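Down below is the structure, laid out as C-alpha cells.
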Amino acid sequence: MHTASVFIELGSVVLVLGLLGRIAGRYGLSPIPLYLIGGVAFGRGGLLPLSASAEFVATGAEIGVVLLLLMLGLEYTAADLVTNLKAQYPAGAVDFVCNALPGAAMGLLLGWGPVAAVVLAGVTWISSSGVIAKVLGDLGRLGNRETPVILSILVLEDLAMAVYLPILTALLAGAGLLAGSLTLAIALATAGAVLFVALRYGRLISRFVSHDDPEKLLLVVLGLTLLVAGIAQQLQVSAAVGAFLVGIALSGEAAEGAHTLLSPLRDLFAAVFFVFFGLSTDPTSIPPVLLPALALAAVTALTKIGTGWWAARRAGVGARGRWRAGGALVARGEFSIVIAGLAVTSGIEPDLGPLATAYVLILVVVGPLTARYTEPAAERFGRLLRKDRSPARQRPAAAPAELPEQLERVGPAGPVDRRAAADSPS
C-alpha cells in the first residue's frame, strides 16, 4: 500500500511538472518559477501535500543539484577553469563585499547578534549554481561570451563555501579555535586534492570513463560523479563542487557522450529539486518577515547585477553581455537554504529560517526573470536616455521662417541664393 501511495504521489508531481513546463515553453519563459509554485502546492498547507514520497523527493533534489553542476563542468576544460579563476578572483572579492555585507547589516539591524549576521551574510552572498545552470541552458546561453565569467564567479563562490561552511559550523556549535581550524583544513585539503586530480589526470580519467556502449558510459560517469560528490560532502566540502570538478576532469568523446546521455536525467532531477524547494516552504511563516525579505531581495538583486556587470566589463565583454551576466547572477537557492538550515537547527534565532526562506523564494522566482529581461530593459532604458539627451531635444530646430532668406531653398548642389535664381534666365 505504501508503494502504491509513492507511485501515485510521484506520478502526480511529474505530470504537473510536465504540464507546467509546456505552459512555460509556450510563452517563452523559464519553467523554474512555475516548478517552485507547483512545489508550494504540494507542500505543507498546499492542495495535495506529499507524505509517502517526501524522502524520495528530497534525495532526488540532491541528485538534481549534483547533475546540474556536473553538466556545467562538462562545458569547460581544466585549463579553462584555471585561466578563468586566475582572471576573475577580483570579481569574487567584489562579489563578497557587495552581497555579503547587506545580509550582515540586516542581521545586525534586526538585533539578532553577530553569529546570525554571519549566517545572513552567507544567505545573501551565494548565488544558486543549480538555478543559474538551468536558466543558462533554457535560454541557450551556455556558449555566450559572458558565460565563463558567470561560471567563474559561481565556482569561486562554491569553493569559498569550503571555507565558509566549516567556520559557520564551528560558530554555531560554539567550537573552539582548534576544532574549527581542523575542520577548515580538511575541507580545503579535500577541495585542493580533487582540483589537482582533475587538472593533472583529467585525460587518464576521460580515457578510463570513455566507452562505445552508451549504457556503460552512463553508469560509469553517473557512479563516479555520485561517489566523488558523496566523499566531498562527507569531508565538509560541497557535493556540488565535487560534481563540478568531475565534469571539468572529463573531456573529448567522454564529455560529449556523457552530456548527451545525462541531459534528460538532469532535466528530470533538476525539476524535482525546484519542487522540493517549494515543498520546504510553509506559506504561513512568510507574512511576518515579508517586508525585510523584500527589502533585502531588492538591494542584493541590484548588487548582484552590478557585480556581474563589473566582472563582464573587466573581462572585455560587450555592453549587452554585461547586463546578461548581471541578470543571470541574481537567483539564490540551494546553498542559502543549507546555510539557513544550519542556523535553524542550532536554534540561534527563530525568525531567521522564515526570513531566509522568503528571501530565497523571492529571488529564485525573480532570478530567471532578471536573467531574461535585464538586457532588453537596460537597452530600452539606454535608448530613452540617449533620446532625451539628443541635440534635437536640447536645441530645437529653428522654424523655416527664421532661416536666412538665401538658404530657404536647397537644390541638388546645396543651398541656392533665391535672389540670384530670380535674376537668372528661366
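We count residues from 1, following the sequence as given. As the structure is a prediction and not an experimental result, all values here were calculated from the model.
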Results of side chain to side chain contact (heavy atoms under 4.5 Å, CB included) for [X] - residues two or more places apart only:
X    : value
L355 : L110, W112, L120, V289, P292, A293
P214 : L261
A297 : Y359, I362, L363

task: Might you work through the side chain to side chain contact (heavy atoms under 4.5 Å, CB included) test for L101 and F96, ending with a clear yes or no?
output: CA-CA 8 Å; L101 291 184; F96 169 74; 5.8 Å; no
Counterpart residues, side chain to side chain donor-acceptor pair (under 3.5 Å), relative to T307 (two or more places apart):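 Expected list: N99.
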May I ask you to say whether [X] pairs ionically with [Y], meaning some side-chain N is under 4.0 Å from a carboxylate O?
X    : Y    : answer
K304 : E157 : yes
E379 : R320 : yes
R372 : D138 : no

message: Among residues at least two apart in sequence or on other chains, which ones pass ring pair (Phe, Tyr, Trp, His ring centres under 6.0 Å) with F269?
response: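 Scan of F269 (ring pair (Phe, Tyr, Trp, His ring centres under 6.0 Å), adjacent residues dropped) gives none.
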- request: Give the ring-plane orientation class for W323 versus W309, where under 30° counts as parallel, over 60° as perpendicular and anything between as tilted.
  value: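 Answer is tilted, since the angle falls between 30° and 60°.
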task: Answer yes or no: does atom CZ of R313 have more than 12 heavy-atom neighbours from other residues, nucleotides or ligands under 6.0 Å?
output: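 Open: at most 12 neighbouring heavy atoms sit under 6.0 Å from CZ of R313.
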task: Would you list the pairs meeting salt bridge (charged side-chain N to carboxylate O under 4.0 Å, His left out) in which at least one residue belongs to residues 106-120, sequence neighbours left out?
output: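 Residue pairs passing salt bridge (charged side-chain N to carboxylate O under 4.0 Å, His left out), neighbours aside: none found.
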